[in-house]
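Take a look at the structure below.
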Amino acid sequence: MNLRTDEKIRARADAGAVSQPPARSQAPDSGGAPDSGGAAPARARVPARARARDADAMAVTAFVLGLVGLLVTNLLLGPVAVVLGLLALRRRTTRPGRARLGIALGVADLVVLACLVTADGTWSWSLT
């Protein structure tokens with residue numbers, strides 16, 4: 001078996017292990033009934049790789065929304081970019097620079113919006 005085939009088999013096994021719900025334990029003192037006492041986990045644990053991938057996606061999304069927000073819908077995209085960038089940093093993204101740029105661009109969106117409102121009392125770009 002070559003290395004690629006072995007990696008594919010491990011990836012499938014990892015994907016199968018993630019998608020299966022955790023088995024419920026049976027307490028010996030409850031007569032074989034499923035364990036219903038105590039606090040059951042509200043959600044399954046997310047693997048570290050998936051958590052990092054989600055944080056990376058948040059960082060890239062914050063960057064893109066901040067960039068687009070400079071041109072369109074500053075009021076909506078600016079705060080969303082700031083929040084996504086902060087969440088990505090909090091979740092330890094592997095792309096902290098992109099998350100910081102998303103935060104900076106989101107703040108810049110709000111500054112541009114404030115300048116537009118101050119200059120001519122509008123909430124959007126005006127070509128005329």
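Clustering ILVMFWY residues whenever any of their side-chain heavy atoms sit less than 4.5 angstrom apart, transitively, puts Val82 in the very cluster that holds Val111. Criterion: ILVMFWY side-chain heavy atoms under 4.5 Å apart, direct or through other members. Under it, Val72 and Val107 are not part of a common hydrophobic cluster. Phe63 and Val83 fall within a single hydrophobic cluster, where Ile, Leu, Val, Met, Phe, Trp and Tyr side chains are chained together by heavy-atom contacts under 4.5 Å. Placement of Leu65 and Leu67 within a single hydrophobic cluster is found when ILVMFWY residues are connected by side-chain heavy-atom separations under 4.5 Å, directly or transitively.
Here the straight-line distance linking atom OG1 of Thr61 with atom CE of Met58 works out to 8.5 Å at 0.5 Å rounding. The CG atom of Leu70 sits 11.5 Å away from atom CG of Leu113, with the distance rounded to the nearest 0.5 Å. To the nearest 0.5 Å, atoms CG (Leu110) and CG (Leu75) are separated by 7.5 Å. For the atom pair CG (Leu71) and CG (Asp109), the distance works out to 9.0 Å, reported to the nearest 0.5 Å. Interatomic distance, CG of Leu87 versus CD1 of Ile103, reported as 9.5 Å (0.5 Å rounding). Between the CG atom of Leu105 and the CG atom of Leu77 there is a distance of 11.5 Å, given to the nearest 0.5 Å.
Of all heavy-atom pairs spanning Ala59 and Ala88, the tightest one is N-CB, 3.6 Å. Across every non-hydrogen atom of Gly102 and Ala81, the tightest pair is O-CB, 3.7 Å. Closest of all the heavy-atom pairs between Ala62 and Gly85 is CB-N, 3.5 Å.
Looking only at side-chain heavy atoms (C-beta outward), Arg95 and Val60 come within less than 4.5 Å of each other.
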